[in-house]
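These notes are about the structure you will find just below.
Nothing here was measured: the structure is a model prediction, and the numbers come from that model. Each chain gets a letter, A, B and so on, in the order the sequences are listed, and its residues count up from 1.
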Number of protein chains: 2
Amino acid sequence: MDEIDLKIVSTLQKDARISLKKLADICFISAPAVSTRLTHLEERGIITNYQTQIDYKLLGYPIKAYVSLRLSPKDKEAFYPYIKSVGNVVACDCVTGSYSQIITCYFKTTKALDNFINDIQRFGETKTQIVFSTSVERRPLELTPTENYF
Amino acid sequence: MDEIDLKIVSTLQKDARISLKKLADICFISAPAVSTRLTHLEERGIITNYQTQIDYKLLGYPIKAYVSLRLSPKDKEAFYPYIKSVGNVVACDCVTGSYSQIITCYFKTTKALDNFINDIQRFGETKTQIVFSTSVERRPLELTPTENYF
DNA sequence: TCAACAAATGGATGAAATTGATTTGAAAAT
DNA sequence: ATTTTCAAATCAATTTCATCCATTTGTTGA
């Protein structure tokens with residue numbers, strides 16, 4: 001993981017469909033060299049996958065919500081496979097605090113969200129926060145910090 | 001936005017670097033046809049960008065946290081440009097509830113996270129939830145639901 | 001029935017990715 | 001100090017892919 005790898009990763013983060021040739025020009029090495037580095041980055045698990053970001057509103061999913069769930073440890077075994085299987089869920093983290101799970105999800109209607117919440121309440125108490133607006137859309141982590149960085 | 005567009009979008013969501021030729025084979029249309037459709041999807045804003053997902057732990061950012069902030073309306077104007085400028089922040093949403101902002105962020109150390117929290121407390125009271133483990137890594141929304149969907 | 005338009009195909013051309021052979025350069029061993 | 005070794009680069013050749021353009025198809029509305 002040297003400077004060139006970092007350049008490759010940080011460039012790809014922002015444009016996953018850039019060609020190897022352009023990457024090669026940016027990094028001042030040849031295209032085959034970029035190709036082998038890329039393969040290594042994938043093999044080492046540093047690059048996990050390439051995702052296209054979609055405007056879910058335009059596709060009919062205007063409801064975004066964070067659902068917190070108070071999950072008792074004994075139910076984890078049942079909860080994890082379940083939450084993975086729900087197509088509306090785009091992320092789920094186990095966190096510190098009394099609400100142990102934070103679920104990020106999208107829905108077509110508030111009714112659908114309500115159905116989901118009713119369904120998961122068999123695992124524990126929930127708290128739902130619906131998104132009004134987004135000031136920072138899902139974006140890459142800044143890997144070459146300049147200012148305002150910790 | 002027909003069935004073919006949906007196929008293109010849902011395929012690209014999972015593999016942003018797939019070639020037009022492969023997409024063409026999957027959709028049973030020609031490569032030029034995919035190309036024009038893709039351009040339209042980008043122009044219409046349905047596809048917003050192509051991101052490469054990185055294992056931030058492996059790059060030295062093992063701390064992921066959700067920071068909730070009780071932000072008073074009068075401070076929004078100052079807060080939004082600020083939060084955009086912080087490279088550690090990968091998402092920020094305005095939500096229902098007494099904590100009006102949910103910030104998703106990554107840090108190299110808990111100390112760095114602490115610095116960040118101290119810094120944003122000038123905007124209001126905060127509540128921090130550190131991620132222990134992730135059961136659903138950031139993934140695309142399922143656009144062609146089968147079961148377990150709401 | 002016949003424009004008129006949107007969108008797909010097919011072939012040609014130029015660009016890019018991949019492969020294999022070879023070279024370079026730095027670190028470890030003699 | 002010289003040699004060995006290995007990783008990683010370049011170069012050249014081949015294959016694959018993207019784009020362009022002319023033509024065709026299919027649908028809608030006069």
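- Note: A:Phe123 and A:Phe79 have perpendicular aromatic rings, judged against thresholds of 30 and 60 degrees for the angle between ring planes.
- Between B:Tyr61 and B:Tyr56, the two ring planes are perpendicular [angle over 60°; tilted spans 30° to 60°].
- The side-chain contact (heavy atoms from CB on, under 4.5 Å) test applied to A:Ile18 returns A:Thr11, A:Leu12, A:Asp15, A:Lys22, A:Leu23, A:Ile26, B:Arg17, not counting sequence neighbours.
- Sequence neighbours left out, not one pair with a member in residues 72-85 of chain A passes salt bridge (charged side-chain N to carboxylate O under 4.0 Å, His left out).
- Atom pair A:Leu41:CG and D:dA7:P shows a separation of 17 Å (rounding to whole Å applied).
- Taking the six-membered ring for Trp and thresholds of 30 and 60 degrees, B:Tyr66 and A:Tyr66 have ring planes more than 60 degrees apart, a perpendicular arrangement.
- Classification of the B:Phe116-B:Tyr82 ring pair by plane angle, with boundaries at 30° and 60°, yields parallel.
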Problem set entry | Protein proximity profile, nucleotides 9-28 of chain D - base contact B, sugar-phosphate-only contact S, no contact -, cut-off 4.0 Å on heavy atoms | SBB-----SSBB--------

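- Evaluation of the side-chain contact (heavy atoms from CB on, under 4.5 Å) rule for A:Glu42 yields A:Leu38, A:Ile47, A:Tyr50 as partners, not counting sequence neighbours.
- Annotation: the terminal axes of the helix from C:dT1-D:dA30 to C:dT30-D:dA1 meet at 20°, where each axis is the rotation carrying the C1' atoms of four end pairs onto the next four (5 pairs per end, rounded to 10°).
- Residue pairs meeting the salt bridge (charged side-chain N to carboxylate O under 4.0 Å, His left out) criterion with at least one partner in residues 54-69 of chain A, sequence neighbours excluded, are A:Lys64-B:Asp93.
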